[in-house]
Amino acid sequence: MEKERLRKISLSGNVLIIIMLLIALGISVKLFSMQVNEYEYYQNKIINNVQQEYTISAERGTIYDTNMTPVAINVTTYRIFLDPVAIQNGSSAGGAEETAALIADNLSELLGVDRETIYKRALRKGSKDETVARKASEETATAVRTFISKYGLSRKIYLEATPVRYYPYDGVAANVIGVMGTDKGLLGIELSYNSYLEGTPGRYIVTRNAQSAEMPDDYDYYIDAKDGLSAVLTIDMNIQRMLEKQLKDAFTNAKGGEPAVGLVMNVKTGAVLAMGQYPSFNINSPYSLGDTLFADRLESSGYESGTPEYNEELWTQIYSMWNNKAVSYLYEPGSTMKVMSAAAALEEGVVSFSDTFTCRGNLVVANTKINCHNIYGHGTRNYAYMLQASCNPTMMQVAARVGETKYYEYFTNYGYTSKTGIDLPGESAGLYVSKSGFNAVELACYSFGQTFKTTPLQQVTAFSAVANGGYVVQPYIVKSLIDSDGNEVVTHETTVKRRVLSSRTCEALLEVLEQGVSGGGGAKNAYVAGYKIAAKTGTSEKRDKINPETGKKDYRIGSCMAIAPADEPEIAVLIMVDEPGVRNKYGSTIAAPYMSALLSELLPYLGVERNYSSDEMNRMVISVANYKGTSVQNAAAALNKLGLSYEVVGDGDTVTSQIPSAGTKMTKINGKVILYTGGATNTQYVTVPDLVDQKAANAIKQLAALGLNVYIDGSANYDEGAGAEVVSQSHEAGTRIQRGAVITIKCQHMDGTD
């Protein structure tokens with residue numbers, strides 16, 4: 001029995017040993033596997049538990065205008081946050097509340113944040129990061145650093161630098177430059193070039209112990225952030241401001257119902273020098289509707305603030321405000337299209353400007369009666385006159401000579417059936433019938449710019465082909481991308497898509513269009529003294545929108561397109577007024593005057609010299625010199641040289657005073673300066689007449705008869721065509737003013753139709 005018992009014990013022991021050996025072997029195998037086969041896995045697991053990774057932000061690239069003026073920059077702001085764990089662990093017994101109170105008292109004053117909010121966050125259990133302020137300025141950050149240093153709070157309060165996008169010009173070119181979201185561009189250049197501008201973030205990994213203190217470790221490493229490239233635009237902010245000023249005036253005076261749009265493009269390269277609309281928005285506060293028609297629409301919606309319906313309408317208006325109409329808006333171009341139709345006909349040799357046509361006020365095409373804007377008809381005149389007068393029946397007859405197939409080919413080659421390919425987001429394609437559906441009625445309507453839609457950019461691009469000798473060039477907005485050292489990484493090259501017209505056709509067409517401006521045609525309000533301007537105005541229907549007030553489709557778009565200078569073209573310009581609320585909705589009266597004002601400032605800026613004709617020399621605007629203190633003889637000689645008359649009052653030899661005073665601007669025609677000598681003074685006063693609605697020529701004569709000088713604002717070619725009219729005057733009728741004073745009259749041709 002004893003042996004049997006010992007044998008069983010021995011057997012049990014052996015089994016136990018074997019089991020223990022097997023367990024040991026399993027552990028050994030597992031340890032070997034962990035230490036050899038799975039070494040990297042467990043190493044990384046440990047590292048991940050003790051290491052913290054930080055992202056190092058890349059500097060976003062600056063956006064410059066063509067003159068290297070920054071239009072979008074980065075400004076450093078600061079996030080200020082607390083470490084509650086450090087506040088509690090790093091304070092003496094019972095002192096955490098005192099430390100929190102100290103922090104709350106001071107930071108609430110420095111940051112303008114509620115004191116109680118800061119206090120509660122400072123004592124939040126288990127938290128190591130409690131934000132108390134964002135976007136703090138450098139000045140505020142300096143004050144916080146001083147506070148931290150004074151009380152030894154460097155382990156309890158932290159500042160994190162954060163770059164914020166800032167736009168020095170606020171709302172200028174807003175729809176082009178775009179808007180930044182949380183971490184990327186939302187529209188404009190900020191969106192289309194986001195991948196170049198944003199750069200590549202870096203990383204910083206550091207090993208910490210359980211108390212979050214840094215430990216020396218072989219696995220710490222740092223990867224530099226790669227800053228983004230900067231974009232240099234083709235936009236010239238000086239030209240941009242000129243354009244936006246005229247858009248504002250055009251929109252305001254025409255009581256526009258939708259934003260007015262404008263474009264200035266280099267006809268040879270496709271570089272966009274200015275692109276804007278009014279009203280727009282301030283990029284630095286992009287979600288504010290401001291005091292604009294968008295805010296009016298939100299208010300008139302009737303929705304209560306904070307409701308889902310209100311918020312939906314709010315975002316609808318924000319997106320409408322952000323929309324870049326120059327590249328996305330579709331409209332019927334109206335009579336500006338007649339230039340492209342004429343170019344096709346001239347190129348095909350089916351018409352010459354000496355050919356005669358008859359207009360009886362309408363034309364029947366395929367049993368469809370299509371009217372002319374002149375319901376009485378233009379009679380029988382040559383083609384040059386009919387184009388300048390914007391006669392629809394003539395254009396339809398000319399287009400018929402070109403034929404449906406050939407016209408559609410030109411329509412396609414001009415670029416109306418495809419996007420321009422500009423480097424901006426949101427570009428729309430035009431709306432038009434397919435080639436198979438293009439019949440006689442479409443041909444007739446397309447010839448004068450109706451029943452199809454294009455974008456403002458497409459229209460300017462097509463128009464530029466007439467200016468540059470017949471080449472369709474691709475428009476672009478960014479001319480180069482540069483690195484932080486100013487080296488060009490990417491450079492835009494001019495892209496010529498195709499040639500559609502000959503130089504001979506372009507030159508002949510530009511000459512006729514220029515005569516339509518200087519010689520009394522429909523675009524005469526675009527006239528600028530000293531320059532040759534080729535222009536065409538247009539007025540089109542918005543046939544897909546009903547006016548809720550009238551129940552009719554009576555909304556219109558008035559526009560003016562110009563090429564300048566006509567003899568050596570450099571730029572193509574568009575000004576478009578959408579839904580004018582005034583009685584006269586023609587582009588010739590609501591857009592062309594602002595084209596004139598823009599070009600009179602823009603062309604000198606571009607260095608284009610004026611070349612005055614003799615008639616223009618007589619109508620020049622001069623600034624009256626200071627003759628006080630000079631001899632009468634010298635003053636008289638100077639005035640004679642300027643072509644101004646003068647009158648001497650008094651018996652002295654030296655000028656003691658004068659009227660108009662020195663520096664006053666006046667138009668040279670009928671100009672007279674009164675020189676006072678020997679202490680004589682002006683005692684003669686005259687009554688200002690009512691000049692509004694009078695012909696400008698008559699008003700000028702009337703002022704001269706009263707001994708008053710004149711400054712002509714607006715149509716300097718006031719005697720062309722039926723004659724410009726006075727639309728406003730600087731001094732109210734009945735006002736008594738000194739003889740010799742200057743009266744400003746604003747003149748405009750009111751007989752233009754398109």
Side-chain angles (χ1 to χ4, degrees), residues 61-73 165-180 185 187-194 196-197 229-248 259-278 280-284 286 322-328 420-427 455-457 460-461 464 473-482 488 490-495 564 570-576 598-599 601-603 605-607:
T62 300
I63 300 177
Y64 299 94
D65 84 336
T66 193
N67 301 313
M68 295 305 294
T69 302
V71 297
I73 61 177
R165 207 61 160 166
Y166 175 72
Y167 304 91
Y169 286 85
D170 289 330
V172 182
N175 301 85
V176 173
I177 297 170
V179 169
M180 277 295 295
L187 67 143
I189 296 298
E190 294 282 28
L191 172 59
S192 58
Y193 281 85
N194 185 74
Y196 295 99
L197 293 166
L229 297 176
S230 293
V232 182
L233 306 184
T234 58
I235 296 289
D236 185 321
M237 291 301 278
N238 295 313
I239 300 175
Q240 183 73 27
R241 285 185 289 190
M242 295 177 198
L243 175 65
E244 292 191 16
K245 177 184 184 301
Q246 297 308 321
L247 292 178
K248 179 180 180 180
V261 181
L263 267 167
V264 180
M265 192 166 95
N266 183 308
V267 298
K268 298 174 184 176
T269 66
V272 176
L273 307 182
M275 175 187 286
Q277 60 198 60
Y278 184 88
S280 183
F281 64 96
N282 187 331
I283 323 178
N284 289 311
W322 287 357
N323 181 41
N324 186 349
K325 288 184 68 172
V327 301
S328 64
T420 67
I422 192 172
D423 47 340
L424 280 172
E427 183 178 11
T455 66
L457 181 62
V460 172
T461 302
S464 294
V473 295
Q474 180 173 313
Y476 63 100
I477 204 84
V478 172
K479 70 177 184 180
S480 65
L481 296 172
I482 60 176
E488 289 189 349
V490 179
T491 303
H492 184 95
E493 301 293 338
T494 298
T495 302
E570 291 190 22
I571 55 173
V573 187
L574 166 68
I575 289 180
M576 185 187 82
L598 173 62
L599 293 177
E601 185 178 10
L602 173 54
L603 291 174
Y605 175 78
L606 293 176

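The backbone N or O of Ala572 lies less than 3.5 Å from no partner atom in the side chain of Ser464, so there is not a single donor-acceptor pair. Distance alone, capped at 3.5 Å, places no donor-acceptor pair between the Lys325 side chain and the Gln277 backbone. A distance-only check finds a donor-acceptor pair linking the side chain of Ser230 to the backbone of Thr62 [under 3.5 Å]. Between the side chain of Glu244 and the backbone N or O of Gly276 there is no donor-acceptor pair closer than 3.5 Å.
Considering every non-hydrogen atom in both Glu190 and Leu197, the closest pair reads OE1-CD1, 3.7 Å. A pairwise comparison of heavy atoms in Ala173 and Met237 identifies CB-SD, 4.4 Å as the closest pair. Here the closest non-hydrogen pair linking Ala274 and Ile239 is CB-CG2, 3.8 Å. The two atoms that bring Trp322 and Leu187 nearest to each other are O-CD1, 3.4 Å, heavy atoms only. Of all heavy-atom pairs between Ala72 and Pro168, the closest is N-CD, 4.1 Å. For Lys268 against Val473, the heavy-atom pair with the smallest separation is O-CG1, 3.8 Å.
Considering only residues two or more places apart in sequence or on other chains, Ala564 meets the side chain to side chain contact (heavy atoms under 4.5 Å, CB included) condition with Ile533, Ile571, Leu599, Leu603. Among residues two or more places apart in sequence or in another chain, the side chain to side chain contact (heavy atoms under 4.5 Å, CB included) test is passed with Asn238 by Asn67, Asp236, Arg241, Tyr605.
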(message) With side-chain hydrogen bond (donor to acceptor under 3.5 Å, both in side chains) as the criterion, how do Ser328 and Asn323 come out once you've worked through the C-alpha distance, each side chain's angles and the decisive distance to 0.1 Å?
(response) CA-CA 7 Å; Ser328 64; Asn323 181 41; 2.6 Å; yes
(request) Take Tyr169 and Thr69 through the side-chain contact (heavy atoms from CB on, under 4.5 Å) test and state the conclusion after the steps. (result) CA-CA 10 Å; Tyr169 286 85; Thr69 302; 3.1 Å; yes
(request) Report the C-alpha distance between Glu427 and Thr455 in whole Å, list the side-chain angles of each, state the deciding distance to 0.1 Å, and finish with yes or no for side-chain hydrogen bond (donor to acceptor under 3.5 Å, both in side chains). (result) CA-CA 9 Å; Glu427 183 178 11; Thr455 66; 5.1 Å; no
(message) Set out, in order, the CA-CA distance, both residues' side-chain angles and the distance that settles side-chain contact (heavy atoms from CB on, under 4.5 Å) for Ile422 and Val272, then state yes or no.
(response) CA-CA 10 Å; Ile422 192 172; Val272 176; 4.1 Å; yes
(message) Let's go through Ile189 and Leu424 carefully: what are the C-alpha distance in whole Å and the side-chain angles of both, what is the deciding distance for side-chain contact (heavy atoms from CB on, under 4.5 Å) to 0.1 Å, and is it a yes or a no?
(response) CA-CA 6 Å; Ile189 296 298; Leu424 280 172; 3.7 Å; yes
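For the pairing with Arg165, the side-chain contact (heavy atoms from CB on, under 4.5 Å) check across Ile283, Ile63, Asn284 returns one residue only, Ile63.
Residues Met68 and Val232 form a side-chain contact, since some pair of their non-hydrogen atoms from C-beta on lies under 4.5 Å apart. In this structure, Thr234 and Asn266 have side chains that are not in contact, with every pair of non-hydrogen atoms separated by 4.5 Å or more. Taking 4.5 Å as the limit, some side-chain heavy atom of Ile575 sits within range of a side-chain heavy atom of Leu247. No side-chain heavy atom of Tyr193 sits under 4.5 Å from any side-chain heavy atom of Leu229. In this structure, Asn324 and Met275 have side chains that are in contact, with non-hydrogen atoms separated by less than 4.5 Å.
Using a 4.0 Å cut-off between a side-chain N of Lys or Arg and a carboxylate O of Asp or Glu, Lys245 and Glu601 do not qualify as a salt bridge.
Counted within 6.0 Å of OH on Tyr166, heavy atoms from surrounding residues, nucleotides or ligands total more than 12; the atom is thus considered enclosed.
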Return a table of donor-acceptor pairs under 3.5 angstrom between the side chains of residues 475-482 and protein atoms on other chains or two or more places apart.
unit_1: Lys479; atom_1: NZ; unit_2: Thr66; atom_2: O; d: 3.4
unit_1: Lys479; atom_1: NZ; unit_2: Thr66; atom_2: OG1; d: 2.8

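Once rounded to the nearest 0.5 Å, the distance linking CD of Gln240 with CG of Leu233 reads 10.0 Å.
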